[in-house]
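Written below as structure tokens is the structure these notes are about.
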Amino acid sequence: MNKPLIPGGYILLSRKLIESEIWNMSPLHLKVWLYILMKARHEADETKGFERGECLISIPEIQEVCSYKVGYRTEKPTKHQIDNILRWLRKTSEATNEYDVNTPMITTTKTTRGMVVKVHNYNVYQDPKNYEYDKESDNENTTNTKRLRQQPDTIHKNVKELKNDKEIKDIIEYLNSQTSKSFRHNTKKTQSLINARLNEGYSVDDFRTVIDNKTSQWLNDPSNNKYLRPETLFGNKFESYLNERLVPSTNQSSDNETFNITDLLSEEDDR
């Protein structure tokens with residue numbers, strides 16, 4: 001008796017994925033990328049105007065499908081996080097072999113219903129004829145199974161930590177340059193805060209924006225200057241600080257007074 005076919009189709013994934021840059025990014029980067037690959041059309045549809053490797057998608061859709069559980073609550077990535085990841089995919093090459101050099105992973109075209117995403121090199125990676133059987137890898141995987149279970153491979157973890165360490169150093173150096181302070185980038189608390197935000201999909205530029213936003217408000221205010229520090233700037237109010245739209249004011253004391261009454265009290269509660 002023939003077994004029933006698995007519905008929904010399938011995609012091909014190269015083992016070289018673990019050598020690509022996206023493997024060392026946040027889990028959300030990889031989740032968005034895999035969703036795009038699964039959404040991309042396996043065959044062209046001329047009646048609807050889609051080429052092979054293209055799909056129609058929207059940011060709210062990606063937010064919904066990339067939600068995840070934390071205990072009993074559901075966390076949804078923000079629009080800003082998805083925007084950042086799509087921007088990263090548009091400028092990044094997989095660069096694992098000769099097919100990928102100088103080719104971005106995707107391009108996007110806005111439409112009235114969302115955006116059309118084109119996956120570059122889709123024809124290459126979704127054609128089984130382009131793959132060779134790697135017997136050596138199979139033998140190596142079988143031989144090292146016991147060793148890998150006892151001593152997990154930390155290569156990619158170390159690569160990611162090195163990358164994050166450079167980003168953390170750049171962020172703290174920028175904070176120090178803007179505030180004339182001397183925070184250290186290698187303290188556990190600072191690294192934990194910044195890594196948490198990086199793993200949520202925020203970029204170094206986002207940290208710079210937060211620093212610029214709050215420096216413009218607090219730097220010359222003696223009562224608030226002390227809050228220009230990693231634990232305040234990069235904590236659970238990071239996103240709200242990032243999305244502030246600063247309006248120039250001729251009455252600086254009035255702006256500070258508003259902060260003292262609301263944000264400052266809330267900052268004390270958070271700590």
Report yes or no: does Arg52 contribute a side-chain atom to a donor-acceptor pair with the main-chain N or O of His42 at less than 3.5 Å?
yes

Under 3.5 Å: donor-acceptor pair, side chain of Asn195, backbone of Gln191:
yes

Give the C-alpha distance, both sets of side-chain angles, the deciding distance and a yes or no for side-chain contact (heavy atoms from CB on, under 4.5 Å) between Lys76 and Gln63.
CA-CA 6 Å; Lys76 181 184 292 187; Gln63 287 178 275; 3.9 Å; yes

Looking at Thr74 and Val70, would you say the former's side chain and the latter's main chain have a donor-acceptor pair under 3.5 Å?
no

Mind checking side chain to side chain donor-acceptor pair (under 3.5 Å) for Arg73 and listing every partner two or more places apart, or none if nothing turns up?
Glu75

When you measure from the centre of the six-membered ring of Tyr174, is the NZ or CZ of Arg208 under 6.0 Å away and within 45° of the axis?
yes

For the pair Met105 and Ile22, evaluate side-chain contact (heavy atoms from CB on, under 4.5 Å) and give the outcome as yes or no after the intermediate values.
CA-CA 10 Å; Met105 297 171 76; Ile22 196 171; 4.1 Å; yes

For residues Gln217 and Lys214, is any side-chain donor paired with an opposing acceptor at under 3.5 Å?
yes

Looking only at heavy atoms, what is the nearest atom pair of Leu12 and Tyr125, with distance?
CB-O, 3.5 Å

Taking ring-ring contact (aromatic ring centres under 6.0 Å, His included) as the test, write out the residues that go with His185, two or more places apart.
none

Do Ile106 and Leu86 pass the side-chain contact (heavy atoms from CB on, under 4.5 Å) test, and can you show the C-alpha distance, the side-chain angles, and the key distance before you say yes or no?
CA-CA 8 Å; Ile106 64 170; Leu86 292 175; 4.2 Å; yes

Looking only at side-chain N and O atoms, does Lys79 offer a donor or acceptor that is under 3.5 Å from a partner on Asn84?
no

With under 30° as parallel and over 60° as perpendicular, where do the rings of Tyr202 and Phe238 fit, or are they tilted in between?
perpendicular

Thr92 side-chain N/O to Trp88 backbone N/O, donor-acceptor pair under 3.5 Å
yes

Between Leu198 and Glu167 the two heavy atoms that sit nearest each other are CD1-OE1, 3.4 Å

Scanning both residues in full, the closest heavy-atom pair of Pro27 with Asn199 reads CD-O, 4.5 Å

Testing the 3.5 Å rule here: is there a donor-acceptor pair between the side chains of Ser203 and Asp206?
yes

Examine the side chains of Thr107 and Arg90 and answer whether a donor and an acceptor come within less than 3.5 Å of each other.
no

Polar contact flag, side-chain donor to acceptor under 3.5 angstrom, Thr187-Arg184
no

Side-chain H-bond candidate by donor/acceptor type, Glu61 with Tyr35, under 3.5 Å
yes

Salt-bridge present (Lys189, Glu231; N to O < 4.0 Å)
no

